[in-house]
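Report on the following structure.
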Amino acid sequence: MEYNFLKIEKKWQKYWLENKSFHAEIEPGKPKFYVLDMFPYPSGAGLHVGHPLGYIASDIYSRYKRLKGFNVLHPMGYDAYGLPAEQYAIQTGTHPAITTEKNVARYREQMDKLGFSYDWDREVKTCDPRYYKWTQWTFIRLYNHWYDQAAGKARPVPELIEHFRSSGNADVRAAVSPNWFDELSKKDATFGTGWKGIFTSSDWAGFSEKQQQSILMNYRLAYLSEAIVNWCPELGTVLANDEVANGYSVRGNHPIERKMMRQWFLRITAYAQRLLEGLDGLDWSDSLKEQQRYWIGRSEGAEILFPVKDSELSLSIFTTRPDTIFGSTFMVLSPEHEYIEKITPASHIDSVRAYLHEVINRSERERMADVKKISGVFTGAYSINPLNGKPIPIWVADYVLAGYGTGAIMAVPAHDSRDYDFAKHFGLPITEVVSGGDISEGSYDAKDGTMINSGFLDGMQVREAIKAVIKSVNETGTGRGMINFRLRDAIFSRQRYWGEPFPVYFREGIPYVLSESELPLELPPVDAYLPTETGEPPLARAKNWKTKEGYPLETNTMPGFAGSSGYYLRYMDPKNEKEYFSKEAVSYWQNVDLYIGGDEHATGHLIYSRFWNKFLFDIGMAVREEPFKKLVNQGKIQGRSSLVYRLKGSNNFVSQGLKDQYEHIVMHVDVSLVNNDILDTQAFRQWRPDLADAGFILEDGQYFCGHAVEKMSKSLYNVVNPDELIEHYGADTFRMYEMFLGPLEQSKPWDTNGIEGVFRFIRKFWRLYHDEENQFRLSDEAPVASELRILHKTIKKIQEDIERLSFNTAVSTFMICVNELGELKCSKRAILEDLLVLISPYAPHLAEELWQQCGHHESITKAAFPVFNQEYLVENSFKYPVSFNGKMRFQLELPVGMQADDVQKAVLEAEESAKWLEGKVPKKIIVVHKKIINIVV
RNA sequence: GCCCCGGUGGUGGAACUGGUAGACACGCAGGACUUAAAAUCCUGUGACCAUUGCGGUUGUGCGGGUUCAAGUCCCGCCCGGGGUACCA
């Protein structure tokens, strides 16, 4: 029987589907294991060779865990909302749901061909109303919760209202937007100017419904607010910070503008500290954890008030270096700072306004482009250093950002490089207060040294001085210790059609959420997928987009990360119509044990998910604080482009080795026309009409191409599609080759040529079970020691390799095993049946087929992983490498049990030693048992 | 600039806790089988020197160091990839 992979693979894929071989149910007595892939956005292009890498790895791991007796949950679904389908809808009028459905079908077909062990009964699609019902439900819950800093968790808003009613808000420690009361009192004069946001129970009773709701909005975990956002006119939507790179949209590369808009936000900042602390217990890569830590950006410091000279006002600054306060020689406000107009005297108002005008007109992109350009203006006002009473000038400059801290700093040029550059540029004084640097050269930023020129701080070390200053400002009421985070609240609105509608309506301009019983609020049909003439989002086009009572519904939709933030929980109980997921399901499946996916989600999905999960944990839904215990980022598979060299101004091409003798232009050529870097010149001429008469300058009668490793992309003609390879070699070969390429986490170039080696191996493997006539044949003879040694060596290594996700070395191990068994012409059932189970996670179709031929009536997925037995590996001698001065010279076989003294003796007596000793007496002999012997001469 | 990851033959990579560098595979060269091809199998393959034989020298980005012993640890650089961008 020939190895007919096409037939075999189809047969077993059908079998697994029909028998629901990978369907998981709660089995209380059995240990669970949850293996998850980051679900894909189904794009129109289908999967290329890079996509399945992580899926293959997770599939091998899942199958392995099943063999090890675990109840494995291994689901797959689709992150179905996304811009490409919507852009296509705008261009063609095709409803994005139709495009998405088509792409999903194509993805499914491609994944099925790879033989994955997904439980397809648990499939979810984020655009399915049965799914997004729970996305909307979570939004309502977020809206109806606030974050209690004292309790360190989210609590229901009704409890907060109750508290306001009985005791006001003076003693409530909540996560709220900074200075929220300023915004409110600005819009509603009845709160009174200078209102600090504190109210009593009777104040609360006196507030109107609108006032009460406006106050509550500042406490909710999902809230509506005005903010400067990244507006992308091309896409007609707002983008989150992580959807923007260098002033352009990550998707589509369109320019971004800053714009003030009303948006929904999620108060993720309330969870900043917990998001940071939670990282410590996670089995994630250091680089990923580092990225998240940096993104969260916790810094400890102090907030200090500087009174403005000849004014009632005080300016609040944030600093991480309160110790350097005596070295502060000026103060800088961000151009957006609201006090600028109030403090600037008439003498300076024109120059200040001119500067603000200039800065604000510079687009975000320009500002980023010339970071190094120093600009600023003196306001003419002075503030008083609260510690020494000295006045310092107040400047405005765009190197201070409105969005961080208080939007104002005390500049300490001697100990901050940015302040130093600014001071040098404008000729401002520089006062050294920490010894250790040379301020004529540059600022000394290290938190290390002795305080000088600093009054009562003199002689202290930096760390002591920081504490002393905080203590001092605390006592005088001019400041306090403060922790600041870089993390911003997540903008949750998009002005798009293809997303989850908000379960929100407006009554007299006040937003209210729908009741949970009204969910899902389904996405309505629209006549076009564009904004309206008045600039409203596409949902404003929907007919009757209002509640039963006639109140208008929200026209924004949710962003991409809404649906992906909690999908791993829904997989636990995907068909539940009453709940997001049952208590029973979550108690059993808990959280994800192994999560595999791309590292581009480091500061997006992976932070939002953790936040989402922590919130669900707080409200008693999730049972674990962290969603993903272990996380692995698979590397990208890069394209390996083929290059040809066209002579300048002609249609002749010169082979790689000769190219430097000619003036040439490098050109990409489709990789399908190239085999082992040799160009198929005939096919090349037929590739494009303009190449029909191409001429070639050959080397040894052949045209050799150059190559380059770059991203896999259509425009570089280096895209390799898995379908063709599976057609050619089968899924089992494809799976093993992807793993064989290199370590999972590493990025590496795709090179189709190597797949032949794995294909050879697979056929060799098949032949172990067949005789010369291709007839299935196993012998029932008892295995000999050498055969058992090979098997158990392999069991040990395969198990170790899978456990540490080292799939490439596992494939090598199988190759070695098959080479060795082949040499022994081993065809013994006792060896080869165990070998089938070992390889079944990697080459599942092949393993099933041979397992059946062995006479088994049940799928190999139900088998048990072979148990490693150390006894078979016991050797009674060891071939010691013998080194002289660390250089390996020869090998010497000695009994394993020999004592170190005897080994030394034996080595010196060995014939070959004489040559290296040259008659000298060795200084020292090191014997490492079963490792090495080193003789120092 | 800062943070993280990496640099090993012609190529992908192996060497897990310091202990025989280059496993396994691709490619290449030579050979067997065959009328021929495919398939399969065997041999060789880091570089340099020697090749009549044993062999020798050198070698993991560069320069130092620790150690009986360094691809692996330490210090200083160079290069590549990713993240971040005036975060006080």
Side-chain angles (χ1 to χ4, degrees), chain A residues 245-246 285-295 297 299 301 317-321 324 332 334 367-368 371-374 397-401 403-412 415-419 421-422 445 484-488 599-600 602-603 633 635-636 638 640 676-677 707 709 737 740-743 745-758 760-761 763-764 767 797 800-801 804 806 808-816 819 822 879-891 915 922-928 930-937:
Chain A
N246 296 323
S285 74
D286 288 341
S287 95
L288 195 65
K289 287 203 238 181
E290 239 356 273
Q291 268 186 63
Q292 290 214 346
R293 283 196 191 104
Y294 189 71
W295 194 257
S299 47
I317 61 98
F318 174 71
T319 178
T320 55
R321 293 295 301 276
T324 62
V332 187
S334 69
R367 266 174 87 166
M368 283 189 199
V371 163
K372 289 280 162 280
K373 196 179 152 198
I374 294 166
D398 67 353
Y399 83 93
V400 172
L401 305 179
Y404 187 79
T406 60
I409 61 157
M410 62 171 203
V412 184
H415 305 289
D416 180 286
S417 61
R418 294 154 305 184
D419 298 343
D421 293 342
F422 192 82
D445 298 9
N484 217 331
F485 292 95
R486 211 174 74 104
L487 187 73
R488 302 283 79 152
D599 152 5
E600 64 274 21
T603 52
N633 294 124
K636 286 183 185 55
Q638 295 145 321
R640 188 182 188 275
N676 284 328
D677 288 338
H707 72 268
V709 172
Y737 184 56
F740 188 59
L741 278 178
E745 287 104 322
Q746 222 170 76
S747 287
K748 56 236 158 191
W750 177 266
D751 184 1
T752 300
N753 293 320
I755 201 170
E756 287 286 348
V758 175
R760 258 170 231 160
F761 156 75
R763 280 177 298 172
K764 220 186 223 178
R767 281 202 303 276
K797 180 89 167 100
E800 285 169 358
D801 284 353
R804 65 190 172 106
S806 176
N808 56 325
T809 52
V811 176
S812 300
T813 302
F814 282 123
M815 289 174 169
I816 293 166
N819 287 345
K879 237 185 207 170
Y880 279 95
V882 181
S883 306
F884 287 79
N885 294 332
K887 282 199 176 83
M888 210 285 277
R889 295 304 180 183
F890 63 91
Q891 292 189 324
K915 174 176 166 192
K923 267 195 211 140
K924 197 171 178 185
I925 303 175
I926 286 114
V927 178
V928 184
K930 284 186 77 178
K931 275 271 158 64
I932 202 169
I933 299 166
N934 191 21
I935 297 162
V936 188
V937 185

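Everything numeric here is computed off the predicted structure, so don't read it as measured data. So that the names make sense, note that chain A is the first sequence line, chain B the second, and so on, each numbered from 1.
Contact check, A/Tyr404 against B/A88: a side-chain N or O comes under 4.0 Å of OP1 or OP2. Phosphate proximity of B/C26 to A/Arg760: present, with a side-chain N or O under 4.0 Å from OP1 or OP2. Look at A/Ser299 and you'll find a side-chain N or O under 4.0 angstrom from OP1 or OP2 of B/A88. For the pair A/Asn808 and B/G12, the criterion of a side-chain N or O lying under 4.0 Å from OP1 or OP2 is not met. Between A/Arg889 and B/U57 there is a side-chain polar atom (N or O) within less than 4.0 angstrom of OP1 or OP2. Proximity of A/Arg767 to the phosphate of B/C41: a side-chain N or O atom is located under 4.0 Å from OP1 or OP2. A sub-4.0 Å separation between OP1 or OP2 of B/A25 and a side-chain N or O of A/Asn819 is present.
Remark: the separation of the C1' atoms in B/A21 and B/G13 is 13 Å, to the nearest Å. The C1' atoms of B/G46 and B/A14 are separated by 15 Å, rounded to the nearest whole Å. Using atom C1' as the reference point in both B/U11 and B/G22, the two lie 13 Å apart (nearest Å). Taking atom C1' in both B/A70 and B/G80, the straight-line distance is 24 Å, to the nearest Å. One C1' atom belongs to B/C54, the other to B/G18, and the distance between them is 32 Å to the nearest Å. If you take atom C1' in B/G10 and the same atom in B/C28, they sit 9 Å apart, rounded to whole Å. Taking atom C1' on both nucleotides, B/C24 is separated from B/C78 by 32 Å, rounded to a whole Å. B/A23 sits 30 Å from B/C33 when the C1' atoms are compared, rounded to a whole Å.
Among B/A15, B/G19, B/A85, the nucleotide with an atom closest to any side-chain atom of A/Asn934 is B/G19. The side chain of A/Gln291 approaches B/G83 more closely than any other nucleotide in the set B/G83, B/A88, B/U20. Between B/U84, B/A25, B/C3, one nucleotide has an atom nearer to the side chain of A/Glu290 than all others, and that is B/C3. Here the side chain of A/Arg763 is nearest to one of B/A88, B/A23, B/A39, namely B/A39. In this structure, of B/A25, B/G12, B/A88, it is B/A25 that holds the atom nearest to the side chain of A/Met815.
Within the 4.5 Å cutoff, no side-chain heavy atoms of A/Ile933 are placed close to those of A/Ile926. No side-chain heavy atom of A/Asn808 sits under 4.5 Å from any side-chain heavy atom of A/Gln746. Side-chain contact between A/Asp599 and A/Glu745 is absent, with no heavy atoms from C-beta onward closer than 4.5 Å.
Distance, A/Glu800 CD to B/C16 P: 12 Å, rounded to whole Å. Summarising the geometry, the separation between CD on A/Gln746 and C1' on B/G7 is reported as 10 Å, rounded to the nearest angstrom. One can place CZ of A/Phe422 at 16 Å from P of B/C86, the figure rounded to the nearest angstrom. Remark: P of B/A85 and CG of A/Asp398 are 16 Å apart, rounded to the nearest angstrom. Following rounding to the nearest Å, A/Ile932 (CD1) and B/A15 (C1') show an atom-to-atom distance of 14 Å. For A/Asp445 and B/C2, the CG to C1' distance is 12 Å, given to the nearest whole Å. B/C4 atom P lies 17 Å from atom CG of A/Asn633, rounded to whole Å. Rounded to whole Å, atom P of B/G1 lies 17 Å from atom CD1 of A/Ile374.
Residue A/Phe740 is in base contact, counting any heavy-atom pair closer than 4.0 Å across all strands shown. At a threshold of 4.0 angstrom between heavy atoms, the contacts of A/Phe318 include nucleobase atoms, whether or not backbone atoms are also involved. Looking at heavy-atom distances under 4.0 Å, A/Ser287 makes contact with sugar-phosphate atoms alone, never a base. Among the heavy atoms of the strands, none lies under 4.0 Å from A/Asp751. As judged by a 4.0 angstrom heavy-atom cut-off over every strand, A/Ile409 is placed among the base-contacting residues. Here A/Lys797 lies in heavy-atom contact (under 4.0 Å) with a base. When heavy atoms are screened at a 4.0 angstrom cut-off, A/Leu741 is found touching the sugar-phosphate backbone but no base atom. In this structure, A/Val928 reaches the bases: a heavy-atom distance under 4.0 Å links it to at least one base atom across the strands shown.
Base pairing of B/G27: its partner is B/U45, meeting the Watson-Crick or G-U wobble criterion (both donor-acceptor distances under 3.5 Å). The partner of B/A69, taking Watson-Crick or G-U wobble pairs whose two distances both stay under 3.5 Å, does not exist in any strand shown. Across all strands shown, the partner of B/C77 is B/G61, judged by Watson-Crick or G-U wobble contacts whose two distances both fall under 3.5 Å. Using the Watson-Crick or G-U wobble rule with both distances under 3.5 Å, B/U52 pairs with nothing in any strand shown. Of all nucleotides present, only B/A32 satisfies the Watson-Crick or G-U wobble test against B/U40, with each distance under 3.5 Å. Searching all strands for a Watson-Crick or G-U wobble partner of B/A14 with both distances below 3.5 Å returns nothing. Under the Watson-Crick or G-U wobble criterion, with both distances below 3.5 Å, B/C2 is paired with B/G83.
Summarising the geometry, atom CZ belonging to A/Phe318 is positioned 12.0 Å from atom CD1 belonging to A/Ile409; distances are rounded to the nearest 0.5 Å. Taking OG1 of A/Thr319 as the reference point, atom CE of A/Met410 lies at 4.0 Å (rounded to 0.5 Å). Atom-to-atom distance recorded for A/Asp751:CG and A/Gln638:CD is 12.5 Å, nearest 0.5 angstrom.
Using cut-offs of 30° and 60° for the angle between ring planes, the A/Trp750 and A/Tyr737 rings count as perpendicular.
A cation-pi arrangement is absent between A/Arg486 and A/Tyr404, since the terminal nitrogen or guanidinium carbon is not both under 6.0 Å from the aromatic centre and inside a 45° cone about the axis.
Under 4.0 Å is where a charged nitrogen must lie from a carboxylate oxygen, and between A/Glu800 and A/Lys797 no such pair does.
When each of A/Pro743 and A/Gly297 is assigned the nucleotide of RNA chain B with its nearest heavy atom, A/Pro743 is the one assigned upstream, toward the 5' end. Along RNA chain B, the nucleotide nearest A/Glu756 and the nucleotide nearest A/Gly405 are compared for position; the residue whose nucleotide lies closer to the 5' end is A/Glu756.
With a glycosidic angle no more than 90° from 0, B/G9 adopts the syn conformation.
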